[in-house]
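Notes follow the structure.
This is a predicted model, so every value here is computed, not measured.
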Amino acid sequence: MKASSAKGRPVIGSLPRLFALAVKKLPAMAGGYVSLVLALAAALLMFFTAHRALETKAPASLRIACVDNDASSVSSELVSMILGANGASVELIECDSLDSAKALAEGGGAEGILVIREALAEHLKNGAAALEYFPSRGASSAQAARELIAGEAVTLGSRLRAEAYFENLSGRAPSAEEKLALEKVYTENRAQEGSAVEKTTVFSGSETEKPAETDLLGAFFARYSGFAAFVIMLILLMLGAFSGSRDEKNCMERISSYRSGRSLGFLSSLASLMLLGLVILALSLIPSGGASLIQFGAGAAYIFCASSLALLLGSISGSARAELASPLIAFLTALAGGCFTDPSALGGGFKTISRFTPQGQYLAALEGETAFIAVLVAAGLILLLLSRLLARAAKRAMQAR
């Protein structure tokens, strides 16, 4: 009677039962409660370490050799802004040529070389690359210096564009009071939209001789949100391999005695992965100190898409093979998606390619392109449909034997 009662009831409609099954399945996916707790603890430790490394502001003291090829009031203003940026102790050493700056850097007198290109104002107004930065060999401040300089250059470029727009409309240059009003509006907008450094490329490849044994800080652009996206994808893909394991198949056979039991088993796997993904997302937000509504919405959509991809990979492969492929897939999609690079700096359509990866769509949503939240959900639904079709095809093949 008890079994027939269970079979006659649509278990799929019971959300509490689905949630309970998802919670029970989660440690099985991870290989036990101990493995699950250790994985979460390791993820939290990585998040704190990455946040400290990637979000560290400018160093306490930074010496940079500066070659000003523009020699204008605009370049002088940029230098003043860099010197007073975020209260950082920055020293810009003026050099009359790249050769003298190179000699200073090689002698240990500077941690990098900043080259201000000619026609600085026009480059900044048009959003073109206006600066070059050469970190000295072995300097650990390259990323911090680049972000500090880029942030001030973006700010100055926005001011120049605002003044040019005002002049086009009114036919005259703005007064001192009007300049202050324009700057206030920009500052408020920047605070609402977040950092503009990730949205604008102000550095370019060198058109002059590079200092010996130094590399231009180019496309590499690590950011905390990209690192978190990589960790979430990696863990979910590895746990998704459980859906193709023998244990999961045995579980599906047992649960098939219930009405819509196979659907319940499939959805519980999805719920387990999403539950774990949300926990990891919450852990990633601890070092950064919270999240906005956009961050939460984009994160949830990304986790849904990543969980769907994990189920698809698990459904087409056995446990061992899926686990071997998972790190490679997570890394390649993270690399193409811009987790560790600046796609706009690579050119050749790399930015477009990044928009076809879950990580690229997630990062684009975080940067204000909220339409990608819907794209992530749609992609997740397509992946789920493919997983379901493959699972049914596998079941029919087994029954035909």
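Shortest non-hydrogen contact noted between Leu309 and Met233 is CD2-SD, 4.1 Å. Pairing each heavy atom of Leu156 with each of Val74, the nearest pair is CD2-O, 3.8 Å. Closest approach of Ala365 and Ile294 over heavy atoms only: O-CG2, 3.7 Å. Contact record, Ile116 with Cys66: CD1-SG, 4.0 Å, taken as the closest heavy-atom pair. Here the closest non-hydrogen pair linking Ala65 and Leu104 is CB-CD2, 4.0 Å. The two residues Val377 and Ala301 have their closest heavy-atom pair at CG2-CB, 3.9 Å.
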- Query: How far apart are the C-alpha atoms of Tyr133 and Ile149, what are their side-chain angles, what is the distance that settles it, and do they pass the side chain to side chain contact (heavy atoms under 4.5 Å, CB included) test?
  - Reply: CA-CA 9 Å; Tyr133 184 74; Ile149 296 169; 4.0 Å; yes
- Message: Could you walk me through whether Leu335 and Cys339 satisfy the side chain to side chain contact (heavy atoms under 4.5 Å, CB included) test, starting with their C-alpha distance in whole Å, then the side-chain angles of each, then the deciding distance to 0.1 Å, before giving a yes or no?
- Response: CA-CA 6 Å; Leu335 193 62; Cys339 291; over 6 Å; no
- Query: What do the steps show when you test Val115 against Leu131 for side chain to side chain contact (heavy atoms under 4.5 Å, CB included), and what is the final call?
  - Reply: CA-CA 6 Å; Val115 178; Leu131 307 172; over 6 Å; no
- Report the C-alpha separation of Leu270 and Leu384 in whole Å, then their side-chain angles, then the decisive distance to 0.1 Å, and conclude whether the side chain to side chain contact (heavy atoms under 4.5 Å, CB included) test is met. CA-CA 9 Å; Leu270 174 65; Leu384 275 183; 3.6 Å; yes
- Kindly determine whether Phe230 and Phe340 satisfy ring pair (Phe, Tyr, Trp, His ring centres under 6.0 Å), including the steps that lead there. CA-CA 9 Å; Phe230 167 69; Phe340 311 117; 5.6 Å; yes
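In this structure, the separation between CD1 on Ile280 and CG on Leu236 is 5.5 Å, given to the nearest 0.5 Å. In this structure, CG in Leu114 is found 11.5 Å from CD in Glu94, a value given to the nearest 0.5 Å. Distance check, rounded to the nearest 0.5 Å: OG of Ser80 to CD of Glu152 gives 11.0 Å. Distance check, rounded to the nearest 0.5 Å: OG of Ser76 to CG of Asp68 gives 6.5 Å. To the nearest 0.5 Å, atom CD1 of residue Ile303 and atom CG of residue Leu281 are 4.5 Å apart. Ile82 CD1 to Glu77 CD: the interatomic distance, rounded to the nearest 0.5 Å, is 11.0 Å.
Pairs of residues two or more places apart, or lying in two chains, never qualify as ring pair (Phe, Tyr, Trp, His ring centres under 6.0 Å) while including a residue from residues 271-297.
The side-chain heavy atoms of Phe372 and Leu363, taken from C-beta on, include no pair separated by under 4.5 Å. Inter-residue side-chain proximity for Met46 and Phe227 is flagged as met; some heavy-atom pair is nearer than 4.5 Å. Looking at Phe47 and Val231, their side chains come closer than 4.5 Å, going by heavy atoms from C-beta outward.
Using a distance-only test at 3.5 Å, with no hydrogens or angles considered, no donor-acceptor pair links the side chain of Tyr224 to the main chain of Arg52. A donor-acceptor pair is defined here as one N or O able to donate and one able to accept, closer than 3.5 Å; such a pair exists between the side chain of Gln295 and the backbone of Ser292. Ser354 places no side-chain N or O within 3.5 Å of a backbone atom of Gly337 that could act as its donor or acceptor partner. Checked by atom type and distance alone, the side chain of Asp70 pairs as donor or acceptor with a backbone atom of Ala119 at under 3.5 Å. Side-chain atoms of Tyr302 come within 3.5 Å of backbone atoms of Ala229 as a donor-acceptor pair (strictly under, hydrogens ignored). Remark: side-chain polar atoms of Ser308 are not paired, donor with acceptor, to backbone N or O of Leu383 under 3.5 angstrom.
Salt bridge status for Arg63 with Glu111: absent, with no side-chain N to carboxylate O gap under 4.0 Å.
Residue Leu283 forms a side-chain contact (heavy atoms from CB on, under 4.5 Å) with just one option from Leu40, Ile232, Leu45, and that option is Leu40.
Within 6.0 Å of CD on Glu91 lie more than 12 heavy atoms contributed by other residues, nucleotides or ligands. No more than 12 heavy-atom neighbours from other residues, nucleotides or ligands sit within 6.0 angstrom of CZ on Phe356.
Qualifying salt bridge (charged side-chain N to carboxylate O under 4.0 Å, His left out) partners for Glu369, counting only residues two or more places apart in sequence or in other chains: Arg355.
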